[in-house]
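Since the structure comes first, as C-alpha cells, the remarks are kept for the end.
Worth saying up front: this structure is predicted, and the values here are computed from it rather than measured.
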Amino acid sequence: MTMAGAINRGLRAAMDRDEKVLLMGEDIGQLGGVFRVTDGLWKDFGPERVMDTPLAESGIVGTAIGMAMRGYRPVIEIQFDGFIFPAYDQITTQLAKMHYRSQGRIQLPVVIRVPFAGGIGAVEHHSESPEALFAHTAGLRAISPATPQDAYDMIQQAIASPDPVLFFEPKARYWDKGEVDADRVDAQLSAGDGASAGTAEMSRGRVARAGTDVTLVAYGPTVRLALQAAEVAGADGTSVEVVDLRSISPLDSATVIRSAKRTGRVVIVHEAPTAYGPGAELSARIAEEAFFHLHAPVLRVGGFHAPYPGSKLEHDYLPNLDRVLDAVDRVMTH
C-alpha cells in the first residue's frame with residue numbers, strides 16, 4: 001500500500017469506528033484532496049462528514065475547535081504546509097491552550113493533517129518544514145510517519161487521542177509502498193484503554209536499523225535517506241543505527257539516548273533548517289544525558305537558514321546522501 005493509501009484507509013477505519021469523526025478541508029470532498037488522500041470518502045460518508053471548506057485556514061481551525069468543544073473529533077487538512085501560517089494564531093493561542101486554560105475540563109481532540117517538506121518540485125509556499133514552530137508550543141503533539149504502516153496506525157491513534165495533534169505527512173513519500181497490517185492497531189483502539197495506549201505508542205521512536213558505530217536520527221521524509229546512508233556506510237565498514245523519531249513533540253529522547261550510549265556518535269537529519277530546528281533540542285538533550293558516552297560532537301544535517309528555494313534549487317537545499325555520509329565520516333574521525 002502507498003503511504004497516501006494507508007492514510008486514506010486509516011481515516012476510513014476511524015470514521016467507521018466513531019461517527020463523531022469528520023473531515024474538513026479545501027477540496028477534500030468530491031476531488032479527494034490535491035494528493036487524493038481523501039479519495040472516495042466523500043462518496044461513502046457524505047458531505048456532512050467530509051466537508052469542503054472555504055480557502056480560510058484560520059476559519060477551518062476555529063470551526064474545528066468549536067466542533068471539538070461540542071463532542072466531535074474533527075480531522076482537518078491544511079492543503080500545503082505553507083498554508084498553515086494564517087491559522088497559526090488559532091492553533092497556538094486557542095487549540096494548544098484550551099485544556100490548560102480550563103484546568104483540564106475541556107479537551108480538544110483535533111487532528112491537523114499537514115502535507116509537509118519538499119522533494120516534489122512545488123512552487124513557493126508549497127514546500128515548508130514548520131514542525132519546530134509547533135513542537136515549541138506546549139499543548140500540541142507533533143508526529144510524522146515514515147512508512148505506510150506507521151501512517152495507517154498513527155493517523156488512527158492521533159484521532160483517538162484526547163489531545164490536539166499535528167500530523168505531518170511527508171508528501172514526497174506519499175507514493176512509497178510498504179506492507180500494512182491493519183489488525184494490530186484495530187485491536188488496540190478497540191480495547192478499553194485503546195486511546196491511551198495509542199497516544200503513548202505514537203509518541204515513541206523506533207530503531208529502524210540496528211548498528212554499533214553511529215546513530216543516525218531522522219523522522220518523516222528523511223528516514224528513507226537515513227536508511228540509504230546506513231546501507232552505503234555499511235558497505236564501507238561503518239555500522240550505522242537508524243532511529244526513526246516518529247514523534248517530534250513529545251520527543252522520545254530516551255530511545256535516542258540509549259542508542260547514543262551504545263554507539264558514542266550521533267548524526268541528526270531533518271529537512272527543516274538546522275538553525276533552531278528539532279535537531280537542536282535533541283542535541284542538547286544528548287549532551288545533557290549522554291555526554292560521557294560520546295566519542296564525537298553531535299552533528300546535524302538539515303536545510304539552510306534561508307527561505308525555501310524555488311523548485312529548481314530544492315535539491316541543493318535539502319539534505320542528500322553525500323551530506324549525510326560526510327557527517328557520518330566526520331564523527332567517525334574522532
Side-chain angles (χ1 to χ4, degrees), residues 117 129 131-132 134-136 141-147 150 154 168 170 200-303 305 318-334:
S129 296
E131 58 269 28
F134 301 102
H136 181 73
R141 294 181 181 272
I143 61 178
S144 184
T147 67
D150 270 354
M154 291 166 69
F168 287 100
E201 184 176 328
M202 73 181 185
S203 302
R204 284 194 289 264
R206 68 182 181 99
V207 176
R209 175 187 172 118
T212 57
D213 296 328
V214 180
T215 297
L216 198 51
V217 185
Y219 59 83
T222 56
V223 172
R224 187 175 74 176
L225 173 62
L227 290 169
Q228 290 172 342
E231 188 74 24
V232 174
D236 291 335
T238 302
S239 176
V240 176
E241 181 154 291
V242 176
V243 176
D244 174 6
L245 281 180
R246 301 172 79 242
S247 177
I248 305 158
S249 180
L251 188 59
D252 180 11
S253 55
T255 296
V256 178
I257 296 299
R258 285 194 296 270
S259 180
K261 287 181 177 180
R262 285 196 300 270
T263 66
R265 301 174 179 88
V266 182
V267 176
I268 303 168
V269 186
H270 53 59
E271 289 192 14
T274 54
Y276 314 103
E281 171 66 22
L282 187 55
S283 297
R285 295 196 190 188
I286 295 168
E288 289 170 0
E289 300 181 42
F291 179 79
F292 293 106
H293 293 80
L294 296 178
H295 305 310
V298 176
L299 297 185
R300 293 170 291 155
V301 181
H305 197 49
L318 295 173
N320 58 31
L321 186 60
D322 287 341
R323 289 175 61 196
V324 176
L325 290 173
D326 176 68
V328 170
D329 289 343
R330 285 159 59 197
V331 296
M332 286 299 295
T333 61
H334 289 267

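When the salt bridge (Lys or Arg N to Asp or Glu O under 4.0 Å) test is applied to E241, the partners found at least two apart in sequence or on another chain are R262. Residues forming a salt bridge (Lys or Arg N to Asp or Glu O under 4.0 Å) with D326 (at least two apart in sequence, or on another chain): R330. With sequence neighbours left out, S203 forms a side-chain hydrogen bond (donor to acceptor under 3.5 Å, both in side chains) with R141. With sequence neighbours excluded, no residue satisfies side-chain hydrogen bond (donor to acceptor under 3.5 Å, both in side chains) with R323. Checked against side chain to side chain contact (heavy atoms under 4.5 Å, CB included), R285 has the following partners two or more places apart in sequence or in another chain: L251, S253, E281, E289. A226 meets the side chain to side chain contact (heavy atoms under 4.5 Å, CB included) test with L216, A218, V242; sequence neighbours excluded. For T215, the side-chain hydrogen bond (donor to acceptor under 3.5 Å, both in side chains) partners are S259, T263, not counting sequence neighbours. Evaluation of the side chain to side chain contact (heavy atoms under 4.5 Å, CB included) rule for R300 yields I268, T274, A280, S283 as partners, not counting sequence neighbours. Under the side chain to side chain contact (heavy atoms under 4.5 Å, CB included) criterion, R206 pairs with T147, D150, A208, V223, D244, R246, not counting sequence neighbours.
With hydrogens and angles disregarded, a donor-acceptor distance shorter than 3.5 Å links the side chain of H270 to the backbone of G279.
Within 6.0 Å of NE2 on H334 lie more than 12 heavy atoms contributed by other residues, nucleotides or ligands. Residue H295 places its NE2 atom among more than 12 non-hydrogen atoms of other residues, nucleotides or ligands, all under 6.0 Å distant.
Pairs engaging residues 212-222 under the salt bridge (Lys or Arg N to Asp or Glu O under 4.0 Å) rule: none recorded [sequence neighbours left out]. Sorted by first and then second residue, the side chain to side chain donor-acceptor pair (under 3.5 Å) pairs involving residues 216-234 (not counting sequence neighbours) are E131-Y219, D176-R224, R209-E231.
Summarising the geometry, atom CG belonging to D252 is positioned 8.0 Å from atom CZ belonging to R204; distances are rounded to the nearest 0.5 Å. Interatomic distance, I257 CD1 to I286 CD1, rounded to the nearest 0.5 Å: 5.5 Å.
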